[in-house]
Amino acid sequence: MPIENELKQQLLEAIRKAGFEAGPDAVEIAESRQKGHGDLTCNAAFAIARAARMSPKAAAEKIAGFLPSDPGRIEKIEVAGNGFINFTLGPATLAGAVTEILRLGTAYGRNDSGAGRKTQVEFVSANPTGPLTIGHGRQAVIGDVVSRLLEANGHAVTREYYFNNAGRQMRVLGESVRLRYLEALGKGGDFPEDHYQGEYIRDIAAAARDEKGDGFGAPENLPYFQQLAENAIFADIRKTLERLGIRFDVYYNERSLYDTGKIDAVIAELRKRGLAYDSEGAVWFRATQAGLDQDRVIVKSTGEPTYRLPDMAYHKDKYDRGFELIVDIFGADHIATYPDVMAGLTAMGYDPSRVKVLIHQFVTLTEGKEKVKMSTRKANFVTLDELMDEVGPDVTRYFFINRSMSSHLNFDLTLAKTQSDENPVYYVQYAHARISSILRKAKEEGIDEAEAPDLSLLTEPAEKDLARVLMSYPRVVAEAGRNFEPHKLPTYLEEAATVYHHFQHAGKQDENLRVVSKKNVPAAQARLALCRATRTVLANGLGLLGISAPESM
RNA sequence: GCCCCAGUAGCUCAGAGGAUAGAGCAGCGGUUUCCUAAACCGUUGGCCGCAGGUUCAACUCCUGCCUGGGGUACCA
């Protein structure tokens, strides 16, 4: 049983024995934030004292008096401040944690709270109109790490990319290529401003010329240009994602919703329920019925649906495919799209609580002091590939996942290029590499890692600090997964790396604290076990981020 | 107008009812015959946007305001 749960039981019992009343929720065990306040802390006395009309400190002392004493498990119990009960973990607890990490290896930190729930994470979902930008990059990494986190928490995850290759955007794309093709032949006219300006359009046009020769520029050949562009761009997108370490299980084409009648089915369903009506030549969704501020067009007077209708059909299909948890990851610019969609789904009888929408804020790109505006159509964007050319996939991933998704992400390109060596990702990776080096060194020196090292020898402050931090990893994974907060992982890993660097540094200052030493082999073996446990945690954590854990740097 | 997100150190950001608010970078000063100095130590730097409220306790919750970003389409 985790030590927190054990303490909670003991506290509840002590509270009862002390003559206070408290339900099971009255006791919360938290990690102490500051040194000198023990390792774990409980503030239950504050609430209890109020009901019992006594000082929190007196209540805490009374409760503490009924706590069992087991110095191996809990070295110290003290009432501090106004009434906190602080616990200092004992050597047996720390040793047990290290043993557990070594036993579980790559499984350490994983749990089965998700119970195999069929879960879908939809992200990126960029239409194939151009290369992925840095904005897509943030979403791609968030989606992938959320997926990995959910898997670590026992979900069965399907990663899905939804795209539309049949809309207006794509026609403009095809037309852009056709015009560039004509231009390359010297037959070009004005290139409209609202068409795709990027250089990649010229590349595709050149490919068209190679394939079809010079006489293929007629407007009726638009489908050819569109298809060619789609193929070329999608191939690039997949390559970029692959490079980032992301692979989708399903690419879902919006067009299939039309082909299989799922679009019409939604209209019919809404009409049946009185939630769709005709007006001004368009079909409207009665969103006001669901409490939204205005009704919305779902089929334009031109006969083309707006994005809402296929989105509803697509989400209906997600439910119908049996997903129990549906995670949608959107950029802040799509924030308005899902209330209508959810209203429609709810109206059709689907449980909206199964959908979790994660909105991430924008990435602002700055070069020096200059703000760079990103727009695929205008083509003055920095692509995800260009970013990876500069800093590599590991830094790219770390950078995008390092901050909470509700915060705007300010990316200073200059800084990323010139100071990439100071990125914290290297700090974490270096800790892993250093441990690997120590393990190699020990082997060279002929010090074997013991099967059952005497971990009670780990009594130095730096050693105990390290063991304590390693213990909290599973809780970080569980919380980050439960709350969809992937950025908690890098925060934790930086802390773990810091504590490890301290530990290793201690051996630099005091020879008796060195890991690889033949003077005291049992101590060396205990420390090697601690090193290996740390490496396991770092490797597991980096694995969840999709970042490499190098053996040497 | 209305809705969403943010405002914390010079910069970029963590922290989200508790006990002295943290990290990286930048600045200043140190540590290497020694398991990787991509490390470590010291130090400078804060009306936690403003004003009220709730609470034994507020940077954290509530209300209002200010500033910045994003929405509010028969674009997606």
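These numbers come from a predicted model, not from an experiment. Note on naming: letters A, B, ... go to the chains in the order of the sequence lines (proteins, then strands), and numbering restarts at 1 for each one.
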By a 5.5 angstrom centroid cut-off and a 30 degree plane limit, is there stacking between H37(A) and A19(B)? yes
When you measure from every atom of RNA chain B, which of residues 498-516 of chain A have a heavy atom less than 4.0 Å away? H501(A), H502(A), Q504(A), H505(A), G507(A), K508(A), R514(A), V515(A), V516(A)
Among C4(B), A14(B), C35(B), the one nearest I335(A) by side-chain distance: C4(B)
Roughly how many Å is it from OH in Y314(A) to C1' in A76(B), rounded to a whole number? 15 Å
Round to a whole Å and report the spacing from CZ of F399(A) to C1' of G24(B). 12 Å
Count the heavy atoms of every other residue, nucleotide or ligand shown that sit under 6.0 Å from CG of D295(A), and state whether that count exceeds 12. yes
Below 4.0 Å: OP1/OP2 of G22(B) and any side-chain N or O of K35(A): no
So which one's nearest nucleotide on RNA chain B is more toward 5', I85(A) or P305(A)? I85(A)
Can you tell me how far P in C28(B) sits from the matching atom in U44(B), rounded to whole Å? 15 Å
Among G22(B), A39(B), C74(B), which nucleotide has an atom closest to any side-chain atom of W284(A)? C74(B)
Interatomic distance, NE2@H37(A) vs OG@S32(A), rounded to 0.5 Å, equals 7.5 Å
Apply salt bridge (Lys or Arg N to Asp or Glu O under 4.0 Å) to residues K443(A) and E449(A) and explain how you reach the verdict. CA-CA 8 Å; K443(A) 203 170 180 184; E449(A) 290 181 54; over 6 Å; no
Please determine whether a side-chain nitrogen or oxygen atom of T306(A) lies at a distance below 4.0 Å from atom OP1 or OP2 of C74(B). no
Are OP1 or OP2 of C35(B) and a side-chain N or O of S517(A) less than 4.0 angstrom apart? no
Grab the CD-P distance between Q361(A) and A14(B) for me, whole Å please. 11 Å
Using a 3.5 Å limit on both pairing distances, list the dot-bracket string of RNA chain B from the 5' end; Watson-Crick and G-U wobble pairs count, crossing pairs take [ ], interstrand pairs take |. ((((((((.[[[[.)..(...]]]].(((((.......))))).....[[[[[..)....]]]]])))))))....
May I ask you to evaluate whether H487(A) reaches the phosphate of G15(B), defined as a side-chain N or O under 4.0 Å from OP1 or OP2? yes
In whole Å, what separates the C1' atom of G7(B) from that of G46(B)? 14 Å
Distance alone, cut at 3.5 Å: any donor-acceptor contact between the side chains of N43(A) and E28(A)? no
Among I85(A), T88(A), I29(A), I74(A), find the residue that satisfies the side-chain contact (heavy atoms from CB on, under 4.5 Å) test when tested with L40(A). I29(A)
Among I267(A), D317(A), V266(A), whose side-chain contact (heavy atoms from CB on, under 4.5 Å) with M312(A) holds? V266(A)
With a cut-off of less than 4.0 Å, is there a side-chain N or O of K300(A) near OP1 or OP2 of C75(B)? yes
Within this structure, what is the CZ-to-P distance between F285(A) and A73(B), rounded to whole angstrom? 15 Å
Taking everything shown except K300(A) itself, do over 12 heavy atoms lie less than 6.0 Å from its NZ? yes
Separation of C40(B) P from E494(A) CD (nearest whole Å): 12 Å
Could you please spell out the steps behind the side-chain contact (heavy atoms from CB on, under 4.5 Å) verdict for Y162(A) and Y251(A)? CA-CA 6 Å; Y162(A) 175 71; Y251(A) 282 84; over 6 Å; no
Roughly, in whole Å, what's the span from CG in N402(A) to P in G15(B)? 11 Å
Does K76(A) make a cation-pi contact with F87(A) (under 6.0 Å, within 45 degrees of the axis)? no
Side chains of E485(A) and S404(A): is there a donor and an acceptor less than 3.5 Å apart? no
Which whole-number value in Å describes the distance from E28(A) CD to G18(B) P? 10 Å
Considering only U72(B), C13(B), C74(B), which nucleotide approaches the side chain of S407(A) most closely? C13(B)
Can you see whether Q139(A) engages H360(A) through a side-chain donor-acceptor pair at a distance of less than 3.5 angstrom? yes
Take the angle between the ring planes of F400(A) and F411(A) and call it parallel below 30°, perpendicular above 60°, tilted in between. perpendicular
If you only use heavy atoms from C-beta on, which nucleotide in C35(B), A14(B), U72(B) is closest to the side chain of I438(A)? C35(B)
Which listed nucleotide (A14(B), C35(B), G70(B)) is nearest to the side chain of R403(A)? A14(B)
To the nearest Å, how far apart are N43(A) CG and G17(B) P? 12 Å
Polar atoms only, N or O, under 3.5 Å: list the protein pairs with nucleotides 56-61 of chain B and their distances.
from: C56(B); atom 1: OP1; to: R50(A); atom 2: NE; distance (Å): 2.8
from: C56(B); atom 1: OP1; to: R50(A); atom 2: NH1; distance (Å): 3.3
from: C56(B); atom 1: OP1; to: R50(A); atom 2: NH2; distance (Å): 2.2

Going by ring centres under 5.5 Å and near-parallel planes (under 30°), is Y427(A) stacked on G24(B)? no
Distance-only donor-acceptor check, side chains T364(A) and N410(A), under 3.5 Å: no
From U72(B), A76(B), A19(B), pick the nucleotide closest to the side chain of Q169(A)? A76(B)
